[in-house]
Amino acid sequence: MTGELKWWQSGVIYQIYPRSFQDSGGDGVGDLRGITARLPYVASLGVDAVWLSPIFTSPMRDFGYDVADYCGVDPLFGTLEDFDALVAEAHRLGLKVMLDYVPNHSSSDHPWFQEALTGRGSDKRDWYIWRDPAPAANGGAGGPPNNWTSFFGGSAWTLDTASGQYYLHQFLPSQPDLNWRNPAVRAAMLDALRFWLRRGVDGFRVDVMWLLAVDERFLDEPVREGWKPGQAAGGMLEHIYTQDQADNRAFIREMRGVLDEFPDRMMVGEIYLPVEKLLTYAGTPDAPLAHLPFNFHLIQLPWDASAVRRFVDKYDAACLRAGSWPNWVLGNHDQARFRSRVGDAQYRVAQTLLLTLRGTPTAYYGDEIGMKNVPISPERMVDPAGLRQPDVPGECRDPERTPMQWDATPNAGFTVPDADPWLPLADDYATVNVQAQDHDPASDLNSFRALTRLRRERPELTAGPYRSLDTDHADVFAFVRELEGQRVTVLLNFGTEERDLGSVTHGETLLSSLGDQPASGAPLRPNEARILAG
Ligand code: GLC
């Protein structure tokens, strides 16, 4: 049965933030050779694919999400040869490799934008989105063409003084939006996909997939009710003209066409939308779009058993109806580390949930050893989202991007001891690190490995339908995964009370987050995640 599933359905995806995984050059920034050297560790986690956040040529104003050459590797990370070696080593270890494709915007350093800046008559002018200033009451230039905002704060428009026109950027002014309505843009961007697919890349994470098209009337967006100055810029407007526009699907369909030119490739789209809209990004059997539209709802929901159960029931059913494969995420390079969000006591409950629900889990580097958000002092802050909105809590993404903690030596084995890592290491690295946890059967690391091992041993955990169970306790989420007469029951205690679940707890314990093997029928302890056979 699992044989019928594709790798991106049965597998676990592991996200690597290349700057922070392993530095091989001693400059304090992670790189491709570093990642390659650590791939045996990644394979030891029992994951199936690595997704690398952007490695392309970039001025790094948004740490690679500002691409200056879609077919080049940034020298900070290495060379194309280093990349080929990484892919070869990953494939030798049975790991798929996914890259981060950033189609919505390029860097302002990209030669296309530089050419567009040469004037209205430039060949590349229409590769970006230009508008005249708004009409002004007294005949002068009236400022930005409309009220659209950048996710990182301020207007989404920047004036090019030479031509007197504004260009659109939903992120930094140095990240101008590409005009996907222009066929030449699409052709060039699709060729970039082919370039990497020919080099053996197995798939892509597609950046801000739901923002690709903007409404061509360029009307003001309504201000969101309840939004107050001082809150995150991205939440100020109802993005009715810049998000989830119908034309997105046509563009994604073309990307899908390119992926389908190659066997067994996939894409997962970054999309922050409610379930019904999210699933439209998977397309239909006749016109498939993204293989997986990222489901970020576990990040956004309150950490509450009833709320989580309600959401899982709804999403799982919606996926079945839509013929779409589910997927789950607890964290990434834009979101607080989930251990900091749910707390130490609930950390393994959350990890168990991620790895036992029906659907593809994506795990973020370091979460498997229990890394937390690292407080960053204002002097060390580098994330443009944080620097541009210093007073908005949670907008700075540096705390979740700190270097991987490999061992207890100075700089945690991430870089040479005398280098200055690009972001500071967590204070706890002397105890929270791979080396300390590797051989400790009770460690977070080995509890992660036990979960991925169980997924391989029990096909019902990948291919089996999901069904939630009613219990008398609002702080317990219980569900079964069953396939061809084999069944596991997953019991998650989100609370701090012991819960007697009666017959639901009957069965052999396959795993308990508390590290022991409670007898059949034993009550669920506070903060316990237990997986039972039967
Ligand atoms: C996505 C990325 C984020 C980046 C933004 C602009 O949301 O995940 O890191 O800053 O797009 O590319």
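In each ligand, atom 1 is the first atom listed, and ligand 1 is the first ligand listed. Numbering of residues begins at 1 and proceeds along the displayed sequence. All values reported here derive from a predicted model rather than from experimental measurement.
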| task | Take Y41 and E368 through the test side-chain hydrogen bond (donor to acceptor under 3.5 Å, both in side chains) and record every step on the way to the result. | result | CA-CA 12 Å; Y41 165 76; E368 73 278 13; 2.6 Å; yes
| What protein heavy atom sits nearest atom 5 (C) of ligand 1, and how far away is it? | F171 CE2, 3.7 Å
| When you measure from the centre of the six-membered ring of W8, is the NZ or CZ of K6 under 6.0 Å away and within 45° of the axis? | no
| field | Lys/Arg cation over aromatic F448: R455, 6.0 Å, 45° cone | value | no
| So, the side chain of Q405 versus the backbone of V432: is there a donor-acceptor pair under 3.5 Å, distance only? | yes
| query | Closest heavy-atom contact between E221 and E238? | reply | CB-O, 3.3 Å
| said: I need the nearest protein heavy-atom contact for atom 1 (C) of ligand 1: residue, atom name and distance, please. | reply: D207 OD1, 2.8 Å
| task | Quick one: look up the protein heavy atom nearest atom 4 (C) of ligand 1 and list residue, atom name and how far away it is. | result | D62 OD2, 3.3 Å
| Hey, is R61 one of the residues with a heavy atom under 4.0 angstrom from ligand 1? | no
| Quick one: which ligand 1 atoms are inside 4.0 Å of a heavy atom on V208? | 1 (C), 7 (O), 11 (O)
| message | Taking 4.0 Å as the limit for heavy-atom contacts, which would you say applies to Y17 with ligand 1: side chain only, backbone only, both, or neither? | response | neither
| For atom 7 (O) of ligand 1, what is the nearest protein heavy atom, given as residue, atom name and distance? | E270 OE2, 2.8 Å
| What is the nearest protein non-hydrogen atom to atom 9 (O) of ligand 1, stated with its residue, atom name and distance? | D334 OD1, 2.7 Å
| request: Locate the shortest heavy-atom distance separating F171 from H169; write the atom from each residue and the value. | output: O-ND1, 2.9 Å
| Of all the heavy atoms in R401, does at least one lie under 4.0 Å from an atom in ligand 1? | yes
| R397 near ligand 1 by a heavy-atom separation under 4.0 Å | yes
| query | For ligand 1, which atoms, with element, lie under 4.0 Å from some heavy atom of R205? | reply | 2 (C), 8 (O)
| task | Check each atom of ligand 1 against the heavy atoms of H105 and keep those under 4.0 Å away; list them by number with element. | result | 6 (C), 12 (O)
| Shortest non-hydrogen contact from R205 to D100? | NH1-OD1, 2.9 Å
| message | Is any side-chain heavy atom of Q243 closer than 4.5 Å to one of N248? | response | no
| Of all the atoms in ligand 1, which lie at a distance below 4.0 Å from a heavy atom belonging to F152? | 10 (O)
| request: Could you tell me whether W51 and Y17 have their ring centroids closer than 6.0 angstrom? | output: no
